[in-house]
Amino acid sequence: MSWKVIARVTDVEPGAVKACRVDNIPLALYNLDNEFFATHDICTHAQACLSDGYLEDGKIECPLHQGVFDVRTGNPVSGPVDTNIKTFAVRVEGDDVLVDLD
Ligand code: FES
């Protein structure tokens, strides 16, 4: 376990996604109805930041070729993506959002 603070709870509005970086790892932090999820920020298809994409119903659409991932599981939902995006465990402590980098 390697928990690191990556944001404040108020940094990401419900329904929004935010780019974060910790230990030089680019992450996308999602707020789904005040439940937080985190994935690696770089799409598994090519070089695009999922945090620049479109978030709806717990799915993030990549801004480059419109591949879609389920942010809870990291599973690809719609092509051209066919490889999972890495997910990270998230917990909230007070006003802080932490991710487990292991
Ligand atoms: Fe994300 Fe192509 S870079 S779908």
Side-chain angles (χ1 to χ4, degrees):
M1 294 278 181
S2 179
W3 292 96
K4 299 274 175 99
V5 174
I6 60 164
R8 308 276 287 176
V9 167
T10 52
D11 288 345
V12 195
E13 296 290 316
V17 54
K18 174 185 170 61
C20 303
R21 182 173 283 270
V22 63
D23 286 1
N24 222 22
I25 302 170
L27 301 173
L29 178 65
Y30 310 88
N31 181 336
L32 305 183
D33 293 329
N34 291 314
E35 194 174 358
F36 291 90
F37 297 87
T39 69
H40 201 280
D41 197 19
I42 307 301
C43 186
T44 56
H45 180 242
Q47 285 292 313
C49 291
L50 296 179
S51 57
D52 290 332
Y54 177 66
L55 180 64
E56 185 175 70
D57 293 335
K59 316 272 189 314
I60 186 74
E61 182 183 85
C62 178
L64 192 53
H65 308 112
Q66 290 72 54
V68 179
F69 297 93
D70 184 318
V71 306
R72 294 178 173 87
T73 63
N75 290 337
V77 174
S78 175
V81 294
D82 58 5
T83 303
N84 287 32
I85 191 84
K86 182 172 172 52
T87 59
F88 298 85
V90 178
R91 76 170 195 242
V92 172
E93 276 185 13
D95 292 334
D96 293 328
V97 181
L98 298 89
V99 296
D100 183 3
L101 296 179
D102 286 345

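Basis for what follows: all heavy atoms, side chains included, without hydrogens, waters or symmetry-related copies. Indexing begins at 1, ligand by ligand and atom by atom, following the structure's order.
Taking all atoms of both residues into account, the shortest heavy-atom contact from Ser51 to Ala19 is OG-CB, 3.3 Å. For the residue pair Leu55 and Leu32, the shortest heavy atom distance occurs at CD2-CD2, 3.9 Å.
Atom ND1 is the N, O or S atom of His45 at the shortest distance from atom 2 (Fe) of ligand 1. In His65, the N, O or S atom that comes nearest to atom 2 (Fe) of ligand 1 is ND1.
The distance from atom 1 (Fe) of ligand 1 to the nearest N/O/S atom of Cys43 is under 2.8 Å.
Clustering ILVMFWY residues whenever any of their side-chain heavy atoms sit less than 4.5 angstrom apart, transitively, puts Ile25 in the very cluster that holds Val99. No continuous path of hydrophobic side-chain contacts links Leu29 to Ile60 [ILVMFWY only; heavy atoms under 4.5 Å]. Residues Val68 and Leu64 do not share a hydrophobic cluster, defined by chaining ILVMFWY side chains whose heavy atoms lie under 4.5 Å apart.
Contact atoms of ligand 1 toward Gly67: 4 (S) (distance under 4.0 Å to a heavy atom of the residue). Taking every non-hydrogen atom of Leu64 and a distance limit under 4.0 Å, the qualifying atoms of ligand 1 come out as 3 (S). Ligand-side atoms of ligand 1 in range of Val81: 4 (S), range being under 4.0 angstrom from any heavy atom.
The residue Thr44 has no part lying near ligand 1, judged by heavy-atom distances below 4.0 Å. Residue Cys62 touches ligand 1 through its side chain alone, judged by heavy-atom distances below 4.0 Å.
When atom types are taken as modelled, the side chain of Thr83 and the backbone of Thr44 share no donor-acceptor pair closer than 3.5 angstrom.
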